[in-house]
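Note sheet for the following structure.
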Amino acid sequence: MEKINLPRGYKVYLPLIVLFLGLVFLLPRNPKFNYDYRKGSPWMYETLTAQFDFPVLKTDAQIQQEIEKAWQSVIPYYRLNKSVSRQAEKNLLSADLGKFSPLKSELAAALRTIYDKGVISSRDASDAKLLSSELIYIQKDNRAHKVPVSEVYTTESADSIFRAAVSDKCSGVDVDSLYQVASLAELIQPDLVFDQQTTDLIHEESVNYVSATQGVVRAGQVIVSEGEMVTAEIEQLLDSYKSEYDTSVGYAGRRVYMWTGSVLIAFCMVFVLFLAICYCNFRIFDEYNKYLYLLLIFTLAAVGSSIVAGLDPSLFYLMPFTLISLYLLAFFTKRVVFSV
């Protein structure tokens with residue numbers, strides 16, 4: 001057996017290093033959802049069944065529509081100021097009602113009934129945000145309660161109700177004169193204070209937390225059957241499955257491990273190629289042009305394979321591996337060509 005001497009000189013190893021680096025970057029590092037589909041076209045592949053559970057993603061148009069709806073549905077936020085009702089009752093009990101002073105307790109009860117509901121300013125009630133909303137938030141005792149707008153009073157409606165109570169309790173009196181003398185008009189003040197900052201914050205959170213998914217497809221469920229027309233609904237299912245496939249099946253660990261694996265595989269491939277040349281015909285290293293030609297053909301085959309694998313692996317049979325072998329066979333022995 002002829003003794004093999006390992007070649008020396010950078011001209012032999014430099015092309016191998018270049019080939020090694022090229023293979024590192026050519027090697028795929030993520031699986032690909034290898035189906036080509038389009039809405040309105042038939043599904044050209046076998047029946048596709050979900051391999052795992054996945055959420056159905058909403059379209060960009062659906063998400064944008066929900067965001068716009070959330071922006072329009074503003075729920076105002078109010079804070080209850082209990083000191084307003086206490087001060088109003090205190091002012092009533094200290095007011096001079098003349099001969100109707102014994103009725104102060106009954107009027108105070110009517111005043112408490114009004115403030116138990118809550119009073120907002122008539123100016124707030126005419127605001128477009130409140131007019132478009134059927135509910136408001138009221139913070140009582142560090143807790144927010146959702147209350148229908150119809151259940152609270154405006155300063156105008158509260159004043160009318162209190163006037164009716166004064167007229168009922170103090171029969172035969174001129175309510176307007178009594179109001180003026182006793183300053184009863186000043187008793188009705190808004191105890192619900194609009195909180196613009198909290199309203200904007202809650203509103204912004206509701207917009208930001210618009211869900212990007214709607215429903216779930218379970219593993220084993222048929223997504224699309226062979227020959228079935230791809231409708232908008234099926235396209236949305238396929239888009240959702242593709243997104244989850246790339247996330248779940250793809251590598252989610254540290255990228256350094258993934259690159260280390262690519263480096264090891266590329267090194268093994270180049271090393272095996274180097275050994276094949278050494279043991280099949282080591283004199284190729286002395287014929288530099290033939291050596292570069294061999295590596296060039298090998299590189300073109302690797303690049304072509306990578307491109308086809310990235311586009312559609314089902315077309316891999318189109319790669320002309322036999323033609324590549326014939327190009328090599330024109331300059332090298334069968335033993336070399338077979339090993340390469």
Side-chain angles (χ1 to χ4, degrees), residues 55 58 62-95 97 103-169 175 178-179 182-214:
K58 296 177 183 176
Q62 287 176 314
I63 294 176
Q64 186 61 34
Q65 185 179 5
E66 291 188 16
I67 290 176
E68 292 176 357
K69 184 178 179 181
W71 272 116
Q72 294 171 0
S73 59
V74 181
I75 300 181
Y77 195 95
Y78 285 83
R79 295 186 181 277
L80 176 64
N81 187 355
K82 294 183 178 181
S83 62
V84 173
S85 59
R86 289 196 295 264
Q87 185 62 41
E89 187 173 350
K90 182 179 178 181
N91 292 341
L92 174 62
L93 296 177
S94 63
L97 299 182
L103 300 175
K104 285 182 180 180
S105 58
E106 296 182 32
L107 294 176
L111 194 63
R112 283 194 297 271
T113 301
I114 293 173
Y115 278 112
D116 284 343
K117 289 278 190 179
V119 180
I120 61 175
S121 68
S122 297
R123 183 182 60 182
D124 286 350
S126 62
D127 187 86
K129 290 182 179 179
L130 190 59
L131 288 173
S132 63
S133 176
E134 297 180 354
L135 300 169
I136 62 172
Y137 282 114
I138 298 179
Q139 181 174 337
K140 296 181 180 179
D141 302 324
N142 297 323
R143 294 189 63 184
H145 304 271
K146 193 179 289 187
V147 178
V149 176
S150 58
E151 292 187 7
V152 299
Y153 295 113
T154 64
T155 49
E156 185 177 341
S157 61
D159 183 68
S160 298
I161 292 174
F162 188 64
R163 279 176 177 269
V166 172
S167 177
D168 181 56
K169 303 297 181 184
V175 176
L178 183 61
Y179 252 65
S183 300
L184 298 182
E186 299 177 0
L187 297 178
I188 303 299
Q189 299 293 332
D191 64 338
L192 298 178
V193 183
F194 179 61
D195 190 335
Q196 181 70 57
Q197 183 178 2
T198 306
T199 300
D200 293 341
L201 180 62
I202 294 176
H203 188 211
E204 185 176 350
E205 287 182 353
S206 65
V207 171
N208 292 337
Y209 284 100
V210 170
S211 176
T213 62
Q214 54 176 3

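Positions are given from 1, in the same order as the sequence printed here. This one's a predicted model, so the numbers in the text were calculated from it and none came from an experiment.
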From [X] [atom1] over to [Y] [atom2], what is the distance, rounded to the nearest 0.5 angstrom?
X: Lys117; Y: Ile138; atom1: NZ; atom2: CD1; answer: 10.5 Å
X: Gln87; Y: Asn81; atom1: CD; atom2: CG; answer: 10.5 Å
X: Ser85; Y: Ile188; atom1: OG; atom2: CD1; answer: 11.0 Å
X: Leu111; Y: Phe162; atom1: CG; atom2: CZ; answer: 5.0 Å

**Message:** If the condition is salt bridge (charged side-chain N to carboxylate O under 4.0 Å, His left out), which residues does Arg112 pass it with, not counting sequence neighbours?
**Reply:**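 Here the qualifying residues are Glu89.
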**Set of side-chain contact (heavy atoms from CB on, under 4.5 Å) partners for Gln214, sequence neighbours left out** =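 Checked Gln214 against side-chain contact (heavy atoms from CB on, under 4.5 Å); matches are Val56, Lys58, Gln62, Gln236.
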**Item:** Main-chain N/O of Gln139 paired to Tyr77 side chain as donor or acceptor, under 3.5 Å
**Value:**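 Flag not set: sc Tyr77 to bb Gln139 has no pair under 3.5 Å.
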**Message:** Any side-chain to backbone donor/acceptor pair from Asp191 onto Val119? Under 3.5 Å, distance only.
**Reply:**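 Judged by distance alone, yes, a pair lies under 3.5 Å.
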**Request:** List the steps and the verdict of side chain to side chain contact (heavy atoms under 4.5 Å, CB included) for Gln189 and Tyr115.
**Result:** CA-CA 9 Å; Gln189 299 293 332; Tyr115 278 112; 4.2 Å; yes
**Item:** Exercise: identify the closest heavy-atom pair between Tyr153 and Ile161
**Value:**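 What the structure gives for the nearest pair is CE2-CD1, 3.0 Å.
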**Minimum-distance pair of heavy atoms, taken over all atoms of Pro190 and Thr155** =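 Nearest pair, atom of Pro190 first, then Thr155: CD-CG2, 3.6 Å.
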**Candidates Asp195, Ile120, Val193 - the one meeting side chain to side chain contact (heavy atoms under 4.5 Å, CB included) with Tyr78** =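 Result for side chain to side chain contact (heavy atoms under 4.5 Å, CB included) with Tyr78: Ile120.
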**Residue pairs involving residues 143-162 (criterion salt bridge (charged side-chain N to carboxylate O under 4.0 Å, His left out); sequence neighbours excluded)** =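 Matches after skipping sequence neighbours: Asp159-Arg163.
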